[in-house]
Amino acid sequence: MNQIPDRFDHATAAGQITEAWDKARCGHAEVNPDRKPFTIVIPPPNVTGALHLGHGLNNTLQDIVIRTRRMQGYEALWMPGTDHAGIATQAVVERRLKEQENLSRHDIGREGLVERIWQWKDQYEKRILGQLKRMGCSCDWERTRFTLDDRCATAVRATFYDLFSKKLIYRGKRLVNWDTFLQTAVSNDEVENVTKKGHFWHVYYPVLDPKPGEPERVEIATTRPETMLGDTAVAVHPDPAAALDKIEAELRQKRSEASQKDQADIDSELETLAQRRESMLPQLIQLRDMALDGRKLMLPLVNREIPLIADVWAKPEVGSGCVKITPAHDPNDYEVGLRAELPMINILEPDGTLNRDGGQYEGMTIPAARKAVVADLENLDLLGDIEDRDIELPHSDRSKTPIEPFLANQWFVAMDELAQSAMDAVSSDKVEIFPERYRKGYLDWLGEKRDWPVSRQLWWGHRIPIWSRTGLAESEAQQMVQQLESLADDTGSISHRVDSTEDGTHHVFVCLRNEDDPREAKLESIGFTRDPDVLDTWFSSALWPHSTLGWPNETKELEYFYPTSTLITSRDIITLWVARMVLMGLNNVGDIPFRQVFIHPKILDGNGETMSKSKGNGVDPIDVIDKFGPDALRFGLARLATDTQDVRMPVQYECPHCDKLIDQTKKNRSLPRIDCPACEKPFSTQWAETEADKSLPRGLVVSERFETARNFVNKLWNAARFSLMNMDGYQPQSVDVSTLPLEDRWLLSRLATVTKQVTEGVEHYRYAEVTRTLYDFAWDEFCSFYVEIAKPRLAEEQQRPIVQSMMAHGLDTLLRLLHPTMPFVTEAIWEGLAGAAPQRGVPEPVAAANFAMIAPWPESNQSDYNESIEQQFAEFQEVIGAIRKIRASQNIAPRETVPVAIRCSPEAQSRLQPMKAYFAGLAGADVIELGPDAKAFETDAPLALTSIEIEVHVDLEKFIDVDAELSRLEKLLSQLVKQITGKQQKLGNENFVSRAPAEVVDRERESLGDLQRQHESVQGDIERLRTKSKAS
RNA sequence: GGGCGAUUAGCUCAGUUGGUUAGAGCGCCACGUUGACAUCGUGGAGGUCACAGAUUCGAAUUCUGUAUCGCCCA
């Protein structure tokens, strides 16, 4: 017996294969003028946690491209690395610190915390890289980078310095989204809105010295009453009548276009508006006049005089028509504040408690202050109605706590020119985005040209290289500048700017280009302090394509591998990351970072939710690899990657005790341990934290959706096993293709076609199509037909050598085409094939490469493509199918051979003749007659293949089951009747006949004729069978 | 509120420029272990292509609207 196991043992093989690749440095790329470069930089995974299936998909798709290109002879570099993910990582480590040791970051200090995060980073970086390696990612591991390593730090400093010197970086007070838990600003992109139940409080502010006829107080309403402490105005619309007119006109317009049902609703809105006009408009006009007259209000509780102002932000159609203005704590009010030049009073400490400007509420938390303010207003009889209301509240994505709009000093990157350059790169197609529909989002986002706030009040990240002295008098500032100028040398590595403020003081900011500049100490000795903040993590990620290649040094790698070839990423970071890489690449290197961007779908769980750590529904690719193997993981993911749809993947826990699969639900997905409903034994999950839970055996999280791929790996393995088992006596030989029999030429033709489809498919990122093409070819053509036909041929001494050559060649080509998707099993088989047929290939055998991974990509040999041979073979396949159908309907056992007669034209006869011998193996059929004169049998089961004008007859003498046969024929008849009726109707339609192209009409007529003849014949068969069964 | 996408078999998804009877895998039914593979083989059942209109000789495919779901941006 043979030594090849009938399963691919991926658990043992994968490690050995990886080791062999590493040893041969197959994934390593060097500057090589003899080859064209092909470069991909990995979207660096966050070191926040381990990878899930979304990363699995992303990296599989990259590896498929890079492996293909490597085989195509490019110097293929896949640059690996990880991202420090500033806020996300710090948040995770801080939360653990709190949970496990009840310490805050202030307890252990900046250095202490950063050290902890480095430990975390080391741990997760190792895990992540391990995951990538087990997936088979062919990165150049020798080049692995980290966004916070020295090389990236140098690039960050150089970039920051450059932008600072160009005056593209400035400091501004801006309303930022403040995370009171992490005590940092978070970007808009890190904020999610959560709808919660809240209240709408109506409050009265007294008017100062009302004139006769004027109201004594104005009513405002707010969902956040405590912010009144920071109010600096109340606004009313400057032209309430016009505003109402405009709204009414819009409603009438809408009504004229609305459906009947919606009209009623709009009518009631119009009614309300009319009432409002009557009841409130006079007062709003009066208030507006008071505002223009410069009247003031008394802000209760703090007793501050605030102006009544006119501003369009006040909406006359809602509430009281008046709105309180808190510029320091509301984005809209902030805009009003800028317009009206209002003071901006910040009432919050960074930790979310009230500061001195909160008056008697100083020190309270926001909820406490809210309660107190409401109570005090009520005591003063200044509180009106309280409405219940659903309120959309921004929450920090990272800490899950409510965001407070907060006025703070931040560093900004001016985006105007930079954004424009990145827009131009895409509009001019220098950077192509696939699928194309994502271009719009990219261009729209950049088109807003919003300045980029880059400072983060964190400790984990690239510290901002700025030293500052603030609050200087003009003379002091001038003196400082002189001192700075004396520090300048000719390297252009120190730069400064002076900002003057409203209060007449001056700030001096100094930026140093290089790390460990001795002038740091000098600066500090003259009173400068370094900015404590760090940079937004996207600042360093934006440099990734060039920083990893050595920029700002003019390295040979940068010269050779940049711009990179393609970027493969997920859609949620097109703006945050892709856009910023483009503009930074253009600014720093003067060239785009990549030529193409491919955006792939997201993997969702069974509920259609994205996988994420915080939800607990992430699947570790290692679990899937353990159960199904790395090739199945990759193939399974790639075949789901179409360009339209996100991928929904229901997942299950696998009980380690009884193998029972338990659906993952919203309830159980974040549990640290689960009791198996079948065997009732407990097992742990990836969330296990306690020692008790961790000591339980772990249940894998898997998905049945990888079974198809696992089975395919097995199929390929066994096709190879069969081939290798039949390679005895193989001798490499030249093959004269023109003398080969049909089945061999068919295989060559199919190989040429499949090679072409796969090559083009990979080049256009059509992964699902590529995997389907390969799956169908390998399974339905190579295995089901070529190998089956090869079985009898291998037994014939004359044919055996040619079949061996062809099988080796076919398998070899298939392995190479499949390698980028399924690297391990193909590499394992490649090694086996090297033992049996080290030199192989048709027509000329050549020595195979040492590894499939570095074997040359197959060329589609167009001279092998032969349409008439493919048609001829398809005809044969159809006849086989017909015989199988008849057999199945008669329940004829597979081991029985049935006599078959095939009636067809002389041409078809000569086409089928060469395949006659193979009907036995493929359909258990003995073809006793073939040609125009072939006759039906006495006890006959016929099937007409009208499209190719062939009639298949099976002799049922020994097998006849009259009822079964009658029911088969009757079913066939009813199908035919249905089709004939349809066609007759179509052809009876004068419009169709006269207006459709003649070609289409002819085709319909022809096929109607076929169907009618078939109908007649089936009817005859039924008659005969009935008569016969009566007679017997 | 604006933009993008989706809705096809019980489930998860394909479906080219509009043109015979809309496909695959899983699941289901029947039969089958003959030396590559039961992670297999052969056959079968199963679809009003979300709904309503329009264009067309002809629509899963084009257009409009509606509903539902998802994502992004305000």
Partners of A:Glu867 by side-chain hydrogen bond (donor to acceptor under 3.5 Å, both in side chains), sequence neighbours excluded?
none

Expressed in whole Å, how much space separates the C1' atoms belonging to B:G19 and B:U56?
12 Å

Map A:Arg705 and A:Ala996 onto RNA chain B by nearest heavy atom, then report which one ends up closer to the 5' terminus.
A:Arg705

Mind listing the N/O atom pairs, protein and nucleotides 20-23 of chain B, below 3.5 Å?
residue: B:U20; atom: O3'; partner: A:Lys983; partner atom: NZ; Å: 3.2

Can you see which heavy atom on A:Ile599 is nearest to which on A:Ser570, and at what distance?
CG2-C, 4.2 Å

At under 4.0 Å between heavy atoms, what does A:Arg710 touch on the DNA or RNA strands: base, sugar-phosphate, or nothing?
base

Most 5' of A:Asp6 and A:Arg884 on RNA chain B, judged by nearest nucleotide
A:Asp6

Output the single nucleotide from B:C73, B:A14, B:C37 whose closest atom is nearest the side chain of A:Arg450.
B:C73

Protein-nucleic acid N or O pairs under 3.5 Å, nucleotides 29-32 of chain B:
none

What does A:Lys627 touch in the nucleic acid at a heavy-atom separation under 4.0 angstrom: a base, only the sugar-phosphate, or nothing?
nothing

Closest approach to the side chain of A:Glu448, judged atom by atom: which nucleotide of B:G43, B:G25, B:C73 is it?
B:C73

Residues in ring pair (Phe, Tyr, Trp, His ring centres under 6.0 Å) with A:Phe628, at least two apart?
none

Checking B:C4, B:C40, B:G19 against the side chain of A:Lys715 (C-beta onward), the nearest is B:C40

N/O (side chain, A:Thr708) to phosphate O (OP1/OP2, B:C26) under 4.0 Å:
no

N or O in side chain of A:Trp779 less than 4.0 angstrom from B:G41 OP1/OP2:
yes

Residues passing the side-chain hydrogen bond (donor to acceptor under 3.5 Å, both in side chains) test with A:Glu769, sequence neighbours excluded, are A:Arg766

Checking A:Phe635 now: which residues fulfil ring pair (Phe, Tyr, Trp, His ring centres under 6.0 Å) with it, not counting sequence neighbours?
A:Phe712

Calculate the interatomic distance between A:Glu704 atom CD and B:C11 atom P; express it in whole Å.
15 Å

Of the listed nucleotides (B:C71, B:U12, B:C57), which one gets closest to any side-chain atom of A:Pro650?
B:U12

Tell me, please, which residues at least two apart from A:Asn711 pass side-chain hydrogen bond (donor to acceptor under 3.5 Å, both in side chains).
none

Give a yes or no on whether a donor-acceptor pair under 3.5 Å exists between the nucleobase atoms of B:U39, that is its base, and the side chain of A:Arg7.
yes

Among A:Val900, A:Asp926, A:Val879, find the one that has a side-chain contact (heavy atoms from CB on, under 4.5 Å) with A:Phe919.
A:Val879

Between A:Asn718 and B:C40, is there a contact of a side-chain N or O with OP1 or OP2 at under 4.0 Å?
no

How far, in whole Å, is B:G23 from B:A60 if one measures between their C1' atoms?
12 Å

Reckon A:Lys791 has a side-chain N or O less than 4.0 Å from the OP1 or OP2 of B:U34?
no

So what does A:Lys440 hit on the nucleic acid, given a heavy-atom distance under 4.0 Å: a base, only sugar-phosphate, or nothing?
sugar-phosphate

Counting only side-chain heavy atoms from C-beta out, which of B:A14, B:C37, B:G19 sits nearest to A:Val1000?
B:G19

A:Asp1002: which residues meet the salt bridge (Lys or Arg N to Asp or Glu O under 4.0 Å) condition with it, sequence neighbours left out?
none

Nucleotide of B:U39, B:A36, B:G19 approaching A:Phe722 most closely (side-chain heavy atoms):
B:A36

Rounded distance in Å between the P positions of B:C28 and B:U20
33 Å

Do A:Arg580 and A:Trp452 meet the cation-pi criteria used here (NZ or CZ under 6.0 Å from the six-membered ring centre, within 45° of the axis)?
yes

Could you list the donor-acceptor pairs under 3.5 angstrom formed between side-chain atoms of residues 776-784 of chain A and any protein atom two or more places apart in sequence or on another chain?
residue: A:Glu781; atom: OE1; partner: A:Arg750; partner atom: NE; Å: 2.9
residue: A:Glu781; atom: OE1; partner: A:Arg750; partner atom: NH2; Å: 3.0
residue: A:Glu781; atom: OE2; partner: A:Arg750; partner atom: NE; Å: 3.1
residue: A:Ser784; atom: OG; partner: A:Trp779; partner atom: O; Å: 3.0

With heavy atoms under 4.0 Å as the rule, sort A:Arg772 into base, sugar-phosphate or nothing.
sugar-phosphate

Looking across every strand, which nucleic acid part, if any, lies under 4.0 Å from A:Lys885 by heavy atom: base, sugar-phosphate, or nothing?
sugar-phosphate

Any residue meeting side-chain hydrogen bond (donor to acceptor under 3.5 Å, both in side chains) with A:Asn726, in chain and number order, not counting sequence neighbours:
none

What contact category does A:Glu999 fall into here, base, sugar-phosphate, or nothing, at under 4.0 angstrom with non-hydrogen atoms?
nothing

Rounded interatomic separation in angstrom, taking CZ from A:Arg995 and P from B:U55
12 Å

Give the stems involving RNA chain B, where a stem is 3 or more consecutive Watson-Crick or G-U wobble pairs (i with j, i+1 with j-1, and so on) under 3.5 Å.
B:1-7 with B:67-73, B:10-13 with B:23-26, B:28-32 with B:40-44, B:50-54 with B:62-66

Taking ring pair (Phe, Tyr, Trp, His ring centres under 6.0 Å) as the definition, give me every residue that meets it alongside A:Phe785, ordered by chain and number, with sequence neighbours left out.
A:Phe873

Would you say the side chain of A:Glu788 and the base of B:A36 hold a donor-acceptor pair, judged only by whether the two atoms sit under 3.5 Å apart?
yes

A cation-pi test, strictly: NZ or CZ of A:Lys791 under 6.0 Å from the centre of the six-membered ring of A:Tyr918 and no more than 45 degrees from its axis. Yes or no?
no

